[in-house]
There are 2 protein chains.
Amino acid sequence: MFGFDGKELKILLIERNEEPFKDWWALPGNIVGPDESLDQSASRILYELTGLRGIFMEQYYAFGDPHRHPQGRVITLAYYALIRLGGDKELRPISTYAKRANWLPITDLPKLAFDHQKIYDKGLEKIKRRIKHQPIAFELLPEKFTLTQLQHVYELVLGKKLDKRNFRKKIVSFGVLKELDEKQKGVSYRAATLYRFDKRKYAKLFGKEISF
Amino acid sequence: MFGFDGKELKILLIERNEEPFKDWWALPGNIVGPDESLDQSASRILYELTGLRGIFMEQYYAFGDPHRHPQGRVITLAYYALIRLGGDKELRPISTYAKRANWLPITDLPKLAFDHQKIYDKGLEKIKRRIKHQPIAFELLPEKFTLTQLQHVYELVLGKKLDKRNFRKKIVSFGVLKELDEKQKGVSYRAATLYRFDKRKYAKLFGKEISF
DNA sequence: TCAAAAGTGTTGCGATTACACCCATGA
DNA sequence: TCATGGGTGTAATCGCAACACTTTTGA
């Protein structure tokens, strides 16, 4: 679960309460129910941990080394999720099977239990590729956002600085943003125009390649 | 399993011998062994069906709808494989659990059992994306090949015609092909120069984006 | 000599990059 | 009035697409 709070990209980690890897940080996960699809299962597990529904998720890889769990065979079907943090609704876990859960910035992650570092790496890699061709950045932003915020998301995910003017020209040229009549509020500098992602216009582009 | 025989792109299908979907064509598959990694399992299953080892394979998606198999829960971890067909070594199945297995051209596929059409579609889609950025086309060709053969592979996978001059310019400009001193033999027209994929040069490009 | 595919360059256009200054706002 | 980020245009370069004819070979 990747979250963006307006400043940093973070992931949700849980501190394990049991052996093996007791007291280590780990990626959240759980067991697929007997009557769930994999997508449903991922949504349920996310919901139990955050209280959130309707979150964007995508399956990206299955990890199945026979020795990845010391106590027996576990195959993990990995999903990433993209979440707007720090908005109106705060996260309220429905259940936790761990000591605690914490959003930690990806720039400063602890050692992870099992092969979770590998799972995380592959997930981030997937998002990097996806964000260049699919409008997933908006999943990390509030419904109304400024172009600078959007650029910030791209920079954090891709791990590099982008040119402001070129970014704006390009992203606007895709024609999937709707400029609002509204301005940013509560900032002590010139207020930026707010934009909204226009799903209709995006749907019309279907089949065409967007490339960043 | 995608195969290329110099003319067509084909996939290996098996004709089922058991209910459900008796007599239907299905994608080959089998059960992950208790002590295998997923990659090992995929390689083994391919080997049992074709007698081939060292084939390029990549995992691409997990299918887990609870009702996809009428008799109980089955989660399929899908891999695609890329195979050069009709070369020196003929395929000799080590075992078959089906009536028969056949390479059928993807332009004319029968109805497939279970949700295998979906699995196939997603696999082809993955290959289409991959071939634009990774040198996987060479897995479908003999070690020495002509540029026209290479172009042919791209056209079949992408499902569209490409311009000969532009294709050659671009593919040569990547600098991952080694031009050999050898020419095609046994053709009744001007013999084409043979090329080889140069893994070393490709390794040096690492990190750089190739884009088709 | 015919058929079949090999091989080869140029031009126009659109996209991408690099780059710097003034503007609006609240503190 | 100062600090902070908002907002804007142009020129040079690069990459991509479109396009047709000559060459080689074996039958």
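Proteins come first, then strands; the chains are lettered A, B, ... in the order of their sequence lines, and each starts at number 1. Here the structure is a predicted model, which is why all the values come from computation and not from measurement.
- Between A:Ile171 atom CD1 and D:dG6 atom P there is a gap of 15 Å when expressed in whole angstrom units.
- Rounded to whole angstrom, the span from the CZ atom of A:Arg190 across to the C1' atom of D:dC2 amounts to 17 Å.
- What separates NZ of A:Lys132 from P of C:dT16 is a distance of 13 Å, to the nearest Å.
- When the side-chain nitrogen and oxygen atoms of A:Thr193 are compared with OP1 and OP2 of D:dG6, none of them lie within a distance under 4.0 Å.
- Here D:dT25 presents its P atom at 13 Å from OH of B:Tyr189, a figure rounded to the nearest Å.
- Of the residues in residues 152-169 of chain A, those lying under 4.0 Å from DNA chain D by heavy-atom distance are A:Lys164, A:Arg165, A:Arg168, A:Lys169.
- In terms of phosphate contacts, A:Lys170 brings no side-chain nitrogen or oxygen within less than 4.0 Å of OP1 or OP2 of C:dA15.
- The cationic group of B:Arg53 lies under 6.0 Å from the six-membered ring centre of B:Tyr47 and within 45° of the ring axis, placing it in a cation-pi geometry.
- Closest-nucleotide positions on DNA chain C for B:Ser188 and B:Ala191 were compared, and the one nearer the 5' end corresponds to B:Ser188.
- Residue A:Lys199 qualifies as open at atom NZ: its count of foreign heavy atoms under 6.0 Å is 12 or below.
- Within the cation-pi definition used here (under 6.0 Å to the ring centroid, within 45° of the axis), B:Lys126 does not qualify as a partner of B:Tyr80.
- Contacts between residues 137-150 of chain A and DNA chain C, counted as heavy-atom distances below 4.0 Å, involve no residue at all.
- Figure legend: B:Lys170 and B:Phe212 shown as a cation-pi pair, the cationic atom lying under 6.0 angstrom from the six-membered ring centre and within 45 degrees of its axis.
- Salt bridge B:Glu36/B:Arg44: present, at least one basic N to carboxylate O contact under 4.0 Å.
- Straight-line distance from the CZ atom of B:Phe212 to the P atom of D:dC16: 9 Å, rounded to whole Å.
- Ion pairing between B:Lys10 and B:Asp5 holds under the 4.0 Å rule for side-chain N and carboxylate O.
- Rounded to an integer number of Å, the gap from B:Glu209 CD to D:dG15 C1' is 15 Å.
- Taking the ring axis of B:Tyr61 as reference, the NZ or CZ atom of B:Lys122 stays within 45° of it and closer than 6.0 Å to the ring centre.
- Atoms NZ (B:Lys185) and C1' (C:dA5) sit 19 Å apart, rounded to a whole Å.
- At most 12 heavy atoms of other shown residues, nucleotides or ligands fall within 6.0 angstrom of atom CD in A:Glu143.
- At distances below 3.5 Å, at least one donor-acceptor pair connects side-chain atoms of B:Gln40 with backbone N or O atoms of B:Ser37.
- The nearest whole Å value for the distance from the CD atom in B:Gln184 to the P atom in C:dA4 is 16 Å.
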